[in-house]
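Please read the structure below before turning to the comments.
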Amino acid sequence: MKEEQLLHLLDSMTLKEKIAQLVLLTGEFFDSEERSIGPKQKIGITQDVIDMAGAVYNAFGAEEVVKIQSNYLKKNKKGIPLLILADIIHGYKTVFPIPLGLGSTWNPDLVRKCMEIVADETSASGVQGTFSPMVDLVRDPRWGRVMESTGEDAFLNAVFSAAMVKGFQGEHLDTSNRSIASCVKHFAAYGAPEGGREYNTVDMSERRLRQDYLPAYKAAVDSGCEMVMTSFNTVDGVPATGNKWLLRDLLREEWGFEGVVLSDYAATQELILHGVAEDELDAARLAIEAGLDMDMKTSIFANNLLDLVNSGTVSESLVDQAALRVLRLKNKLGLFEDPYRGASAEREQATLLSENNRKMAREAAAQSVVLLKNDTGVLPIQPDKKVALIGPYSDEKMICGMWAIQADYEAVVTLKEGMKRQAAETSLFHAKGCDILEDYSVLGGMAKYLQTDTNPEDKEVYLSDAMQAAEQSDVIVLALGEHMFQSGEGASRTELSLPEHQLLLLDKLSLLSKPIVLILFTGRPLVLTGLVNKVASIVQAWYPGTETGDALAELLYGKRNFSGKLSMSFPHSVGQIPVYYNEFSTGRPLSVSGRSERFVSKYLDAPNAPLFPFGYGLSYTNFEYSDLRLSHPSFSYGDTIQLSVDVTNTGEMSGAEIVQLYIRDVTGSVVRPVKELKGFQKVNIEPGETLTVLFNITEELLRFYTLEMEYKAEPGKFIAMIGTSSDSLLETEFTLLP
């Protein structure tokens, strides 16, 4: 449909029809009128609004979606199709690692390909847009939704943000029926709640907001994402959903975003609870004036915008602008020509969990896993070794993460299944050891969805079986972790340790004096300080998804090499949090001369540094960095200098190394971080091979928000650093000339 046709359609619509286009409801509202009575009463919405609503979300499966769309079109007088949206974060039926794991791949091209598969599977099932990527920068692992982020660094998050958008939408969203519209979230700074507590206040300077938290959202906008979701939190004291500076001045005017802005779940209603709106009428006014286009799961727009416009409080042009943006998105997706976008049960059957999709899931899982410790070289496991596989995650299929809401768990490969394919038939002993949790009340309201009954006798049997298996073995592989529902939305924690009964199992096994390979399934960095010396190896697996077992087994038995590196620091203790690599310089750093050891910036009872830093990850081989050199010691605005380093594989196994470039601005008009990631390359190097890795340094790479809030580079001295992690770097200096 051409633009003039869309404008004509808009002009033909009544005000009530236009307002209905701004309403976003869940699939339960589009069930039979009798079964939808409860949901309608709960939020106070009428059937005529549902019959004209703009979008539905979390309705799944081609047959169900086609049915909903078909019934809807029979009632919609203008023939405007529904927009079908969903929470598809890191996989539909084929599930990839959680985003924090994808961040640990440091491989944006791989992640883009994964999201292409997600788009293909979901579009086959009738979904036309996804509430992803979540690009919130997170420096506090107490916050449960860290699992949905790619980590603590603005540069890395922006790279992954762009890759995910392009994976979902292609280079340009079109009517190919294999791409889906992308919605970046949560705008803005949702990942910085005080105390790491979900939905809590966010308060920071505009400089920090722009420098650290906004780049990943902007990368999504610049990559063409079609939707932006507002966050639950405040930005400079104003809730994001009613924040005109954020949604109109910054997002639309400054960044040029022309797509649809929608609220998170009931966030419009929450303007009242925040205390910035007196009632629902006031909340509707604030949201539409701020620039919100679609209201998710409330009746705020549906029941109040008509009165606001008729009374002259709100201009009808604001409703027209919002409705037109919704219609344009539907048009981009080709819904006026094909409201089902090629969804069919036949295409689902051919697409979901295909061999190619599973192969990509296995590759992503393998690259996401991070080897944190391997001091004794117990890994890789040798073929002649007898292995005891123990732990609540040893044969567990619920290893996809909280947001894999449509995962096919029957299709998940467990660790036991994967290891049995790699080990000799008589060399693998298995025991559960214990349950993931003993007290499921820690999950809050999620406990009701789980079978949590365990007989006390079972605990004794589990432990006895574990000890018996361990005694027969040469190596113990111990699979522990958080419960899947201990991370994700609404899962903030103040204690970031494994459950006590799991630690007790580890303690009992450690008394056997046999090497233990600890595999951790978590949605966040945990505090591992108390157990790091009790085990020979630590493997951070995150929640790897559908192909967990095969990917991990290939790594454990050396059929492939570890290459993942942390995209978020692991704290030494909870008291350090937030702890991140690119902190500001202080006036009294640890290294300052002439100061008493006491009166410097430090803790009395813990180091400043994390236990495992950003960018860290081991391999079965070793990489040596040498001959860091610059093409020129200085350069001017508009010029480029080249930084190069030689990286040699000094081990006996081929491996992929992530070569990381950091830069420090030595003197600025405002305090600058001690180092900032400015580039990285993932390179494969054969044993004995030396590879020269090159980076280009430009003035653009050195820009920041100055004292005058100008985004530019200031002339002066810089330190360039290249190495294998944020704390293992070679250094050289260069100068940006005036």
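Position 1 is the first residue of the sequence; numbering continues from there. Given the structure is predicted, the values throughout are model-derived calculations rather than measurements. Below, all heavy atoms of this structure are taken into account, side chains as well, without hydrogens, waters or symmetry copies.
With rounding to the nearest 0.5 Å, the separation of CZ in Arg588 from OG in Ser601 is 10.0 Å. A distance of 10.0 Å separates CD1 of Ile658 from OG of Ser567, quoted to the nearest 0.5 Å. Distance check, rounded to the nearest 0.5 Å: OG1 of Thr522 to CD1 of Ile98 gives 6.5 Å. Between the CD1 atom of Ile538 and the CG atom of Leu618 there is a distance of 10.0 Å, given to the nearest 0.5 Å. Summarising the geometry, atom OH belonging to Tyr543 is positioned 10.5 Å from atom CD1 belonging to Ile399; distances are rounded to the nearest 0.5 Å. Interatomic distance, CZ of Phe521 versus OG of Ser487, reported as 13.0 Å (0.5 Å rounding).
Using a 4.0 Å cut-off between charged side-chain N and carboxylate O, Glu482 and Arg524 make a salt bridge. Ion pairing between a basic and an acidic side chain is recognised when a charged N comes within 4.0 Å of a carboxylate O; Lys432 and Asp465 show no such pairing.
Counting only heavy atoms from C-beta outward, the side chains of Leu85 and Thr130 never approach each other to under 4.5 Å. Thr548 is not listed as a side-chain neighbour of Val413, based on a closest heavy-atom distance of 4.5 Å or more. Using a 4.5 Å heavy-atom cutoff, the side chains of Asp236 and Glu206 are not in contact. With contacts defined as side-chain heavy-atom distances shorter than 4.5 Å, the pair Met229/Met296 qualifies.
Here the side chain of Gln367 pairs no donor or acceptor atom with the backbone of Asn107 at under 3.5 angstrom. Judged by distance alone, with hydrogens and angles left aside, the side-chain atoms of His483 form no donor-acceptor pair with the main-chain N or O of Ile436 at under 3.5 Å. Between the side chain of Glu152 and the main chain of Ser569, a donor-acceptor pair closer than 3.5 Å is present. Side chain of Asp264 to main chain of Ala267: no donor-acceptor pair is present (N/O by atom type, distance under 3.5 Å, no hydrogens or angles). Judged by distance alone, the side chain of Lys675 and the main-chain N or O of Ser726 form a donor-acceptor pair under 3.5 Å. In this structure a side-chain-to-backbone donor-acceptor pair under 3.5 Å is present from Trp542 to Ser368. Checking side-chain atoms of His274 against main-chain N and O of Phe232 turns up a donor-acceptor pair under 3.5 Å. The backbone N or O of Thr105 sits nowhere less than 3.5 Å from a side-chain atom of Lys565 that would complete a donor-acceptor pair. When atom types are taken as modelled, the side chain of His501 and the backbone of Asp435 share a donor-acceptor pair closer than 3.5 angstrom. With hydrogens and angles ignored, the 3.5 Å screen pairs a side-chain donor or acceptor of Asn233 with a backbone N or O of Ala188.
Heavy-atom neighbours of Asn608 CG from other residues, nucleotides or ligands within 6.0 Å: above the threshold of 12. Around atom CD of Glu495, no more than 12 heavy atoms belonging to other residues, nucleotides or ligands sit under 6.0 Å away. Open room surrounds CZ on Arg197; 12 or fewer heavy atoms of other groups in view lie less than 6.0 Å from it. The neighbour count for Lys602 NZ, taken as heavy atoms of other residues, nucleotides or ligands under 6.0 Å away, is above 12.
Glu676 and Asn582 are not linked by any side-chain donor-acceptor pair at a separation below 3.5 angstrom, with hydrogens and angles left out of the test. Remark: the Arg145 side chain and the Ser492 side chain contain no N/O donor-acceptor pair separated by less than 3.5 Å. If you check the side chains of Tyr199 and Glu489, you find a donor sitting under 3.5 Å from an acceptor. Side-chain atoms of Lys397 and Tyr409 form no donor-acceptor pair, as typed in the model, at a separation below 3.5 Å. Residues Thr414 and Asp395 bring a donor and an acceptor atom of their side chains to less than 3.5 Å of each other. Looking at Tyr462 and Glu460, their side chains never bring a donor and an acceptor atom within 3.5 Å of each other. No hydrogens or angles considered: a donor-acceptor pair under 3.5 Å links the side chains of Ser725 and Asp727. Judged purely by distance below 3.5 Å, without hydrogens or angles, the side chains of Asp136 and Tyr217 pair a donor atom with an acceptor atom. Between the side chains of Asp507 and Ser510, not a single donor N or O lies within less than 3.5 Å of an accepting N or O. In this model, a donor atom of one side chain and an acceptor atom of the other lie less than 3.5 Å apart for Asn58 and Asp87.
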The test is side chain to side chain contact (heavy atoms under 4.5 Å, CB included); show your working for His90 and Val118 and say whether it passes.
CA-CA 7 Å; His90 56 102; Val118 174; over 6 Å; no
Are Lys459 and Glu438 close enough, and set up right, to give a salt bridge (Lys or Arg N to Asp or Glu O under 4.0 Å), and what steps lead you there?
CA-CA 10 Å; Lys459 298 177 184 178; Glu438 287 192 327; 3.7 Å; yes
Given Leu214 and Phe187, is the side chain to side chain contact (heavy atoms under 4.5 Å, CB included) satisfied, shown in steps?
CA-CA 8 Å; Leu214 292 183; Phe187 194 64; 4.1 Å; yes
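A pairwise comparison of heavy atoms in Ser104 and Val370 identifies CB-CG2, 3.9 Å as the closest pair. When every heavy atom of Ile405 is checked against every heavy atom of Met402, the shortest pair comes out as CG2-O, 3.9 Å. In terms of heavy atoms, Ile390 sits closest to Ser394 at C-CB, 4.0 Å.
Among Thr529, Val527, Leu528, the one residue that satisfies the side-chain contact (heavy atoms from CB on, under 4.5 Å) test with Leu531 is Leu528. Considering Phe155, Phe614, Tyr616 as possible partners of Trp106, the one that fulfils the ring pair (Phe, Tyr, Trp, His ring centres under 6.0 Å) test is Phe614. Residue Val477 forms a side-chain contact (heavy atoms from CB on, under 4.5 Å) with just one option from Leu379, Leu389, Val378, Leu518, and that option is Leu389.
Aromatic ring orientation, Tyr265 versus Tyr57: perpendicular (interplanar angle above 60°, classes split at 30° and 60°). Ring pair Tyr190/His186 is perpendicular by interplanar angle, where above 60° counts as perpendicular and below 30° as parallel.
Arg207 forms no cation-pi arrangement with Tyr705, by the criterion of a distance under 6.0 Å to the ring centre and an angle within 45° of the ring axis.
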